[in-house]
Structure formats: C-alpha cells, structure tokens
Amino acid sequence: MEERALLSVTVEDRVAVLRIANPPVNALSAALRAALRDAVAQAVADQGIQAIVLAASGRTFVAGADISEFGKPPISPSLPDVLVAMDECPKPLVAAISGAALGGGLELALGCDARVASSGVKLGLPEVKLGILPGAGGTQRLPRLIGAAAALEMAASGEPVTAETALSLGIVDEVVAGDPLPAALRRARALAEGGQRPQRLRDGRERLGPRDAFEAAAAKVLRRAPDNPAVASIVESVRSAYDLPFDEAMSQTRAMFLRLVQDDRSKALRHVFFAERAAQQPAGLSREVRGRAVSHVAVIGAGTMGGGIAMSFANAGIPVTLIEAEPEALERGLQRIAQNYATSVQRGSLAAEERDRRLARIGGGVGLENAAGADLVVEAVFEDLALKQKLFAQLDGIARPGAVLATNTSYLDVDAIAGATRRPDDVLGMHFFSPANVMKLLEVVRGAGTSPETLATAVELGRRLGKVPVVVGVCHGFVGNRMLARRTAQAERLLLEGALPEQVDAALVAFGFRMGPFAMADLAGLDIGWRIRKATGKTAPVADALCEAGRLGQKTGKGYYDYGGGGRQGVPDPAVRDLIEATSARLGIARRAIGQEEVTERLILPMIDEGARILEEGIAARPGDVDVVWLHGYNWPAWRGGPMYHGSRLGPAYVAQRLEAYAGQSGDPSLHPSAALRRLAREGRDFDALSGTAR
Ligand code: T1G
C-alpha cells in the first residue's frame, strides 16, 4: 500500500512549514513521530531555513498521542523524544493551531516558542480522562507558561479551554479568524530576526507562580478526586516543576506515565473512549446513509419528560412545539420549563440572554394538529400502550409525509406502537433518561420496520443534542432498564434474605456508583415502580409494604430511609428494619448475615448475565454498546469500563460459576446463569462472540 505522507514540508520565504496530515485527527502515531523528528532535524541542518512552523491539515491540529498504541510495546521515538529534538533546535519554532490541540497535540505546541490559534480552537490536556497524565512535557512546560496552579487545574480536570481563554491565560500568543498559518509565518520570521532562539519554556521557572498557590490548588484537586491515581500523579508531576531540574522531572513523569498506562483504570477508560465512538456508528447501518433534515420538532406531552425533552431540543438551537390536550396542562408544562431555566440562571450555570434565546425556541399548542409541520414528533405521554397506539394512529393522519414519529417509551413494544400507523418505516423509539435535558444517554429503539434513514435521523439528532445515542432493539425495557430490573430484583431479595438498605447501598457505592439502589429509589419516588408493578401484576414485597405505609421516598420524608421531614440525606430507620424483618417472616424466609462480596456480586453479576442474553438476542449489537448505555444512563463508574467490560475481565466462566453458587445458596432460581453465558463459559469465549445485529 502506498505509504501516505504523514507530513509535508514546504518552504515559505526561508521558513520551513511542517504540515501534519494523519487523518482523521492527526493522532501522533509512531510513524508520524518519526517523521516529525526527521523533519525538524532536516530543517535544522538546512542553512536556508531560519525558522520552523508546525501546522496540520484536516479538521484539527493534533488530537494527541495515538491512543490505540497504548498497552502495546512502546515504539521509538516517543513523543518526549520528539520534544527533545525540538528543544535542541537552535531555530525558532511556531505552532499554527486550528481545530483542537489536545494532549500530546498541546504538548507539541508547547515545545514551540510561540503559538497562534484560530478562533474556535479547543486546547487541553484530557489525559486524566484516560486514567493517565500528560507524558510529553505538559506538566512541566505548561506550568512554566501559565503558572503551576492554572496548569494543574487544566491537567487535573482534563477540560479544554477555548482559544480566547487560552489567549488570556497566555497559552497562545495570538488568536486569528480563519487560517493561523500567515500569522504564524510572520511570528516565525520576527523571532528569526532576533538572530537566536528565545528562551525555551524548559529553561525558565519565573512564571511558575507562588508555591503556596500551587499547594492550595493541589489540595483542592485532591479533595475533588480523592482516590484517583492519575490525578495524584499529575499533582506530583506538576509539583516537581518547583523541585527538580526539567530533565529529571521529565524522567520521573515518564515513569509515572508508563505505570498508569498499564493500570486497570486506564485500560477501562480507553475501552470507554473507543466504545463511545463505535456506538456512534450503529451496526447494520451503512456510513453512507444520511438522516433527514430536522428543523422543527413537536413534543407531545408537557409532563416532566416532555418538558425535559423540549428543553433538550431548545438547548441545541432547534425550535420545538410542546403539545398538550388541555390548556392547563400545557401551561403547567411551560411554567415548569421556565422555572428550570430560571434555576440554572440563579445558579450561574446559564446566562440570562441564553435562557431567553432557549425559551424563545419553545412554543406551545393545544391539540395534535400543532404537530402537522414538524420534521420529528416525540411522544412523551403516559406509559400506557393503548394510549400511545391511539395517539400514533392520530399522528399518522396529521404529521407530514416523511416526518419521523418517535415514542419516548421506556419499555413498551415499539413495534406495537408502529403498527398503529401506516408508516412503520418512519417510527422508532427515542428513549430519553430523566432529567431529559441533563442525562446524556439516548436509547434509539429500532423497530422491525424502521427505515435506515429514520434510524440515521434519530442518531444524528441525538448527537446534535449533545447526547450519546445507542441503537437498541425492541424488548421489554430495551437494554438499560432490562438490566436494571435484574439488579432491582436482587436488591429486594437481599433485603428479604437478611441485608438492610444501608448495607446494599454501601456495597454499590463501594463498587463505584454514586448512589445505591435504595437511596436512588427514595430520590425518584417509590410510587413510580409501585404503579408499574400493579399494572403488570408483579410484586416487590418490601417496596410494596413501604408504599402501602405511605413511605414513598424523599417526597414524603420517609422511604427506605428517614429524611427527618426534609432534606436529601436519609438515615437508616428502625421502622424499616422491623418492616423488612416482618416481611421476611411473613414469607417464611429465614434471615442470615450476608457479606459485602455476596451483596455486590448479586447486584452486578445478574446484570452481566442479562447483558449476555441481550447480545445473544441481538437487542444490542456490541458489548461496548451495552457499556455505553450503563455509563451514560446509570452512572456506571467509567474507570470500571461498563458491565460487559467488567464481565469480560472477570471472565464469563467466573460469572456463570458465581451465579450458579448464589442460586443454590439463596434458592433464587432467577440467579441461574443464562444459556448464553453458560455457552461462553463452556467454549471459553468472550461476550463479543454473542454479538448479532440489533433487530
Ligand atoms: N488516538 C487515536 N484515535 C483517535 C484519537 C486519538 N488520540 N482521537 C480520536 N481518535 C479517533 C476516534 O476513535 C474516531 O475513530 C476518530 O478518530 C474521530 O474521533 C502523550 C499520552 C479530537 C475532539 O484524549 O477528544 O496525548 O470511530 O469521533 O467528534 O501526553 O476525537 O472514526 O474509527 O472523537 O470530531 C489525548 C481524544 C491522548 C483526545 C475530535 N487526546 N480525541 O472529536 O471525532 S493521550 C485525547 C478527542 C496523550 C500525551 C498523552 C476527539 C476530538 P473512528 P471522534 P470528533
């Protein structure tokens, strides 16, 4: 295969322009690093060259190291080696930055004597989000440029800054509209006229700033991320800018980098990075298929979900009409939206002008005929199949031809809803998670008749909303809620068998979740599940007993915990222990002490088993898709990669064996491993062997 040029060199009036070209994001692969090192050496040797400009083609400057190389044997030259070559260059270097300079891309730019950025650029050190630290000088050069405290904040948060912020911080010397190359060339020539290269960042400490300011920033950063090894390493590495010579600090940092990149957390975070991107390309949908244009949306139902969904569209700049059957319900919905925005403005997270712009995009209408002009209609009415079918039948005759008709149902049969229309190819599910204007996950439920264009429309729209769309198939609860039901059932069983709410919640928090199932139930309200169980003839003895006793959670001041008549921090309630013990006795279940390992495994392993069944049925196309659902819909701890990644690390055989043991010990037949899991265990294969394509 013809070796694609990763770097082109042109000379513009004695300035060598090294233009990187490694699509899609100019990641610093081994070959590119070698090409950079060689091109700098050639420019140094060429007497006709007085300065060097680093530029890039394509949509971005440099997105950092090539993450796909991590975990494999390092290939020389490393990126620090390239930076050494730049340090040893006697001629001035200037970076011309467009798009994004992230991680190693920013470190490359910091190896230059000046940086010109086009407006709209993103600059940052996101390594911490991959469980590692900037390994090519970011923790040494950036502190010497903008101060150690500010550099620490950037590296520890991993959040990028805009070109304008970078200018004010001093990361870039100039921001231009459009192509940064001309300004970079001018700067390179001006620096060359000085006859020698200016002082390199590595040689000065005068801009580090006061040590106590750094230590205060370090304490804050460590408080924010108490048990994060990458953050701790970043603090230590930036601190060494005060205490160690540059080269010594760099070799210490390199050692930390190599240690972190081998850590399980970093491996899990890298899995998440690639799984999120793979999920963006639904299996079975060709990259050539484009969605339809959506410039106006109608949302049916102005309740909590409908309001949140309408806000999602308005926040993304898309005009939306919120529709209700009654004026009073519509007014209540619009009021709730205005209140939500007002709260954000009061908290300072939303500027008043932006609030006004978003509110102006949300119209209201009474009656379905207000949906006639919409390109997409999202239904968010009560979770009742007959009601939804009736509504879709009406919409079928009102919505314009080609409009996408989406249901926000969280578990009902999308095919049955589509069957109420004459256009099943335009129908699918768009399952938003509450609060819909906040939660990132969007389950795009592909019906049997959903056309590729309709599917592509919903996926592209999900990304336009800033959400993480994952295509799933039709079944009760799709992917997320179907797996959650397994965890909820075991949480209830554990109470009956001897555990208490605080023990179960503590186990899940220790695993890495922010909240346990019972604290979450109290927050959401126990009546929601109670109503669904009654509608579907299911029971959950403890939860039902709490609801019958009027303990619906925080909203009533008591649920699984006692909230002292207000507030959000509940405490264990002896009355709940008594209720649980009485329920166990009534059901003839002998209570026993249950260890934390059993609690944790009985909450987590059944979810993995359900994920295996979901993959075997083709409801999800890849194990990574299931992980993305749980990462962005249920706050699965990212440093554990996701339920299927976790299962893969434990091994299907271990998961099956433990489930079999718990089934025997507890007498709960639902714990027996599925045929899919047992087959993987028998054949020694992993979860990706189950991947079908979502129906
Ligand atoms: N390495 C390898 N592949 C990458 C990549 C990277 N750094 N960044 C993106 N890709 C792939 C991605 O998987 C996808 O592939 C395609 O490019 C488009 O990505 C030494 C050690 C730059 C803001 O963490 O934040 O530098 O799915 O869909 O939405 O200290 O990509 O098409 O096959 O995200 O336009 C630090 C990661 C690395 C930046 C563009 N850098 N990338 O967003 O495109 S560690 C990062 C991003 C490091 C140094 C350390 C985004 C983007 P495919 P995309 P996008």
Side-chain angles (χ1 to χ4, degrees), residues 6 20 22-33 36 56 58-72 74-75 77-84 86 97-111 120-142 151 154-162 230 233-234 237-238 250 253-263 266-267 269-283 285 287 459-460 462-464 466-469 622 624-625 628 638:
L6 296 170
I20 294 166
N22 187 23
V25 294
N26 292 322
L28 289 158
S29 63
L32 176 54
R33 297 193 301 268
L36 269 169
R59 58 175 148 166
T60 184
F61 181 65
V62 173
D66 185 338
I67 303 170
S68 63
E69 287 185 6
F70 293 163
K72 299 169 188 162
I75 305 170
S78 70
L79 190 53
D81 294 338
V82 175
L83 270 296
V84 167
M86 292 167 69
I97 304 169
S98 53
L102 298 170
L106 178 55
E107 291 173 308
L108 204 58
L110 291 170
V121 158
K122 278 200 306 188
L123 303 103
L125 295 172
E127 290 87 340
V128 69
K129 295 182 177 178
L130 296 170
I132 51 181
L133 84 168
T139 57
Q140 301 304 311
R141 290 189 179 87
L142 193 59
M154 269 188 78
S157 69
E159 291 306 317
V161 297
T162 63
S233 299
I234 287 168
S237 179
V238 174
M250 279 304 297
T253 301
R254 182 78 183 154
M256 284 193 265
F257 171 82
L258 293 173
R259 214 170 30 249
L260 286 169
V261 86
Q262 291 304 328
D263 184 279
S266 179
K267 290 175 185 169
L269 291 167
R270 297 189 317 252
H271 159 74
V272 168
F273 177 85
F274 288 115
E276 285 172 341
R277 282 151 183 84
Q280 288 182 18
Q281 187 50 46
L285 181 68
R287 282 184 186 257
V459 171
E460 288 168 12
R463 281 215 288 282
R464 208 170 139 197
K467 295 201 178 286
V468 180
R622 316 171 185 92
D625 288 5
V628 171

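Both counts, for ligands and for their atoms, begin at 1 and track the order of listing. Values reported hereafter were calculated over all heavy atoms of this structure, with side chains retained and with hydrogens, waters and symmetry mates removed.
The heavy atom nearest to atom 42 (N) of ligand 1, out of those in Phe70, Phe273, Phe274, is found in Phe273. Nearest to atom 46 (C) of ligand 1 by heavy atom, out of Pro80, Pro160, Ala63, Gly103, is Ala63.
Some N or O of Arg277 is nearer than 3.5 Å to an N or O of ligand 1, by distance alone. Considering backbone and side-chain atoms together, Lys122 places no N or O closer than 3.5 Å to any N or O of ligand 1. Here's the thing with Gly104: one of its N/O atoms is less than 3.5 angstrom from an N/O atom of ligand 1. Residue Ala65 places at least one N or O, backbone or side chain, under 3.5 Å from an N or O of ligand 1. At under 3.5 Å, a nitrogen or oxygen of Gly135, whether backbone or side chain, sits near a nitrogen or oxygen of ligand 1. For the pair Glu107 and ligand 1, the shortest N or O to N or O distance falls below 3.5 Å. Polar contact with ligand 1: present for Ile67 (N/O pair, distance under 3.5 Å).
When the salt bridge (charged side-chain N to carboxylate O under 4.0 Å, His left out) test is applied to Lys467, no partner is found at least two apart in sequence or on another chain.
For atom 13 (O) of ligand 1, the nearest protein heavy atom is under 4.0 Å away. Less than 4.0 angstrom separates atom 53 (P) of ligand 1 from none of the non-hydrogen atoms of the protein. Closer than 4.0 Å to atom 29 (O) of ligand 1 lies none of the heavy atoms of the protein. Closer than 4.0 Å to atom 26 (O) of ligand 1 lies at least one heavy atom of the protein. Inside a 4.0 Å radius of atom 33 (O) of ligand 1 there is not any protein heavy atom.
Seen from the ring of Phe257, Arg259 does not count as a face-on cation partner, given the 6.0 Å and 45° thresholds.
For the 3.5 Å distance criterion, the side chains of Arg270 and Ser266 qualify, holding a donor opposite an acceptor.
Which parts of ligand 1 touch Gly64 is read off a 4.0 Å heavy-atom cut-off, strictly below it: atoms 26 (O). Near Asp66, meaning under 4.0 Å from any of its heavy atoms, are these atoms of ligand 1: 1 (N), 2 (C).
Inter-residue side-chain proximity for Val468 and Val628 is flagged as met; some heavy-atom pair is nearer than 4.5 Å. A heavy-atom distance below 4.5 Å is found between the side chains of Phe274 and Ile67. Proximity of Gln280 to Val459: side-chain heavy atoms (C-beta onward) are nowhere separated by under 4.5 Å. Contact check for Lys129 versus Glu159: side-chain heavy atoms found under the 4.5 Å cut-off.
Residue Ala100 places no heavy atom under 4.0 Å from ligand 1. Ligand 1 has at least one atom lying under 4.0 Å from a heavy atom of Arg59. Taking 4.0 Å as the cut-off, Thr60 does not count as a neighbour of ligand 1 on heavy-atom distance. A heavy-atom separation below 4.0 Å is not found between Gly138 and ligand 1.
Nearest protein heavy-atom neighbour of atom 16 (C) of ligand 1: Pro24 CG, 3.6 Å. With hydrogens left out, the protein atom closest to atom 4 (C) of ligand 1 is Val25 CG2, 4.0 Å, a heavy atom.
Here the rule is side chain to side chain contact (heavy atoms under 4.5 Å, CB included) with Leu106, and of Leu110, Leu102, Leu108 only Leu110 fits it.
Contact between Ser237 and Met256 at its shortest, heavy atoms only, is CB-CE, 3.7 Å.
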